[in-house]
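Below is one structure, written out as structure tokens; comments come after it.
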Amino acid sequence: MDYRRTYIRDLFSMEPGNEVSAFGWVKTRRDSKGLSFVQLSDGSTFNDLQVIVEAGVLDEATLKKLTTGACVRFDGLIVESPAAGQAVELKASGVEVFGEADPATYPLQKKGASFEFLREIAHLRVRGNTFGAVYRVRNRLSYAVHNFFQARGFQYVHTPIVTTSDAEGAGAMFYVSTNLGHDEKGYTLKNPNPAEDFFGKPAFLTVSGQLEAETLAMGLTNVYTFGPTFRAENSSTSRHLAEFWMIEPEMAFCSLEGDMNLAEEFLKEVINDALENCGADLDFFNKRIEPTLLETLTHVVNSPFERLTYTEAIKILENSGENFEYPVAWGTDLQSEHERWLTEVKVGRPVILTDYPKEIKAFYMRQNEDGKTVRAMDVLAPRIGEIIGGSQREERLDVLEARIEEMGLPKEAYWWYLDLRRFGSAPHAGFGLGFERLIMYVTGMKNIRDVIPYYRVPGNADF
RNA sequence: UGCCGCAUAGCUCAGUCGGUAGAGCAGCUGACUGUUAAUCAGCGGGUCAUAGGUUCGAGUCCUAUUGCGGCAGCCA
């Protein structure tokens, strides 16, 4: 056996008459007098291969092993299908069963399992229609992300996953330590002093690669990261994970306008890539998960994003006549209900909001001339809310230092970040995009736990 | 972290006024010569999340705990 085999995806385009072998897992078997139909999947495409087993080809004992979940190789002939539903099928001449799956205990069935139940068997859910499709789209989008940036001369950079800088300010962090003992009572801290721990100081899992990506952009010009990120927030919602994948481009010689252009181009291109390359999967999502999916995605690809300043958005919300649970007022952050109304009701497609009050945004965002707002942008999308957050960065040393002091942040910790402004500072901008939220948007899946193979949330890190 | 909801067969669920457990699917046995969420007939399958309480009697009412989910905050 060799990895060079014909995937089931490729068998569908073969001429009838070809002698082939098909490897995969049995989805279902339907018996009729004289012949059996086996649906076989190898995950290479949404559609299953229909295998015809005529009476007498296999002995009764072998046929009985072809149950849902069993792993097999069928040998046979590609033939035109006489029935509707598929153009070609495999007429079996022989089979090898690699692994049986006891039907009495195999937990997957062909019908009606809830996503909540499937999360408990996350190691098997990939074999179902929905999760096979989710993971294929996830793969294609990953590829499209790299294509997008590489085609524009952006260099892929790897920022650290373990960091001793707790200064990003993007959220609660996981502590990293080797200072762990284990005895019959359980786990204990061996030494409470971080100075004697592995790194000689407290260390954490990264919450963002942005600050490090900025250093790399100040030398490589246009860069991007695409890697895992960790947030220890106790947030249990359908759109938060403790471990998620983030895409963070950073561009030298770029303003907020350029940043917005990149964000819009990016979303349109990768969504269009999925439309062109994951057709069967997206058809399934459109049929079974989110009935407006294809319409929405096509609309997003073909129409310009609405761009509003924060101040304009506040005015629109104040005049909306809507009875919001939380009041709208300049200077406070928009609530989920406000963002949803803007993007879902008012505009009906993605909205980019810019120039937020400096008090509700991070220290590194570039201050506007008015002294009140900063060059920040959020891209809001219907169904999922905030999908991108970005800004033009403050490149002026004095302004940045003043802001750090104003916010009471430890200036010493930012010595290397401030060096970027001391030596060859450049106007620059970037954004962060949660990859799982992008997948939710493209697939229509409602819960972020269902677009990553193994999800981590407060209280759950199984598998 | 706060608020709300849910927990009954392997899965998805019903269970009326508090009166002693039901269906579909899955599984098993069989029928059927083209099925594709196959169909048809039959069979087996339950500590009603856990622990207390109220009651003659609790799946049903009350309390606590655990698990899961939704929303909010935080954000991506």
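Only this structure's heavy atoms are used, side chains among them; waters, hydrogens and symmetry mates stay out. Lettering of chains follows the sequences in order, A, B, ..., and the numbering in each one begins at 1.
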Give the nucleotide from the list [options] with an atom nearest to the side chain of [X].
X	options	answer
A:E233	B:rU35, B:rC11, B:rC74	B:rC74
A:F117	B:rA26, B:rU12, B:rG69	B:rU12
A:D333	B:rC75, B:rG70, B:rC68	B:rC75
A:S238	B:rC75, B:rG70, B:rU35	B:rG70
A:R231	B:rC75, B:rG34, B:rU29	B:rC75
A:T237	B:rU35, B:rA72, B:rC75	B:rA72
A:P103	B:rC32, B:rG34, B:rC28	B:rC28
A:S235	B:rG73, B:rG10, B:rU35	B:rG73
A:R119	B:rG69, B:rG73, B:rC28	B:rG69
A:S336	B:rG34, B:rA72, B:rC11	B:rA72

Can you tell me how far [atom1] in [N] sits from the matching atom in [M], rounded to whole Å?
N	M	atom1	value
B:rG57	B:rG19	P	14 Å
B:rU29	B:rA37	P	24 Å
B:rA49	B:rC13	P	15 Å
B:rA9	B:rA14	P	12 Å
B:rU50	B:rA58	P	15 Å
B:rG5	B:rG10	C1'	25 Å
B:rC11	B:rC74	P	38 Å
B:rC61	B:rG2	C1'	27 Å

Once the angle between the rings of [X] and [Y] is folded into 0 to 90°, is it parallel (under 30°), tilted (30 to 60°) or perpendicular (over 60°)?
X	Y	answer
A:F204	A:Y175	perpendicular
A:Y417	A:F363	perpendicular
A:Y156	A:Y224	parallel

Starting at [atom1] of [X] and ending at [atom2] of [N], how long is that distance when rounded to a whole Å?
X	N	atom1	atom2	answer
A:D462	B:rC68	CG	P	9 Å
A:E436	B:rC75	CD	C1'	14 Å
A:R340	B:rG73	CZ	P	11 Å
A:H338	B:rC75	NE2	P	16 Å
A:L124	B:rC11	CG	P	14 Å
A:I360	B:rC74	CD1	P	10 Å
A:I448	B:rC71	CD1	C1'	16 Å
A:I384	B:rG70	CD1	P	16 Å

Should A:E436 and A:R138 count as an ion pair when the cut-off is N to O under 4.0 Å?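 Here A:E436 pairs with A:R138 in a salt bridge, since their nearest N and O are under 4.0 Å apart.
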Basic-acidic side-chain contact under 4.0 Å: A:E406, A:R403: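 Judged by the 4.0 Å cut-off on N to carboxylate O distance, A:E406 and A:R403 do form a salt bridge.
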Examine [N]: is either OP1 or OP2 under 4.0 Å from a nitrogen or oxygen in the side chain of [X]? Give yes or no.
X	N	result
A:N460	B:rG67	no
A:R239	B:rA72	yes
A:R449	B:rG70	yes
A:S114	B:rU12	yes

Assigned partner base of [N], Watson-Crick or wobble definition, under 3.5 Å:
N	result
B:rA26	none
B:rA21	none
B:rA31	B:rU39
B:rU63	B:rA51
B:rC3	B:rG70
B:rC75	none

Just checking [X]: base, sugar-phosphate only, or nothing, at a heavy-atom cut-off of under 4.0 Å?
X	answer
A:F244	base
A:S36	nothing
A:E248	nothing
A:D31	base
A:Q335	sugar-phosphate
A:I388	sugar-phosphate
A:Y326	sugar-phosphate

Assert: residue with more 5' nearest nucleotide on RNA chain B, out of A:F115 and A:Y455, is A:F115
In terms of the nearest nucleotide of RNA chain B, which residue is placed more toward the 5' end: A:L241 or A:G34?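 Its nucleotide being nearer the 5' end, the pick is A:G34.
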Measure distances between side-chain N and O atoms of A:E116 and base N and O atoms of B:rU12, and say whether any donor-acceptor pair falls under 3.5 Å. no
side-chain contact (heavy atoms from CB on, under 4.5 Å) test vs A:F154 passes for just one of A:L220, A:L262, A:V223, namely A:L262
Near A:Y7 OH, under 6.0 Å, is it more than 12 heavy atoms from other residues, nucleotides or ligands?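 Atom OH in A:Y7 is not packed in, count stays at 12 or less.
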Crowded around A:R456 CZ? As in, over 12 foreign heavy atoms under 6.0 Å? yes
Contact summary for A:L380 and A:T343, nearest pair of heavy atoms: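 Closest pair (atom of A:L380, atom of A:T343, distance): O-OG1, 3.4 Å.
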Chi-angle category of B:rC68 [syn within 90° of 0, anti beyond]: anti
Exactly one of A:F324, A:Y326, A:Y310 should register a ring pair (Phe, Tyr, Trp, His ring centres under 6.0 Å) with A:H338. Which one does? A:F324
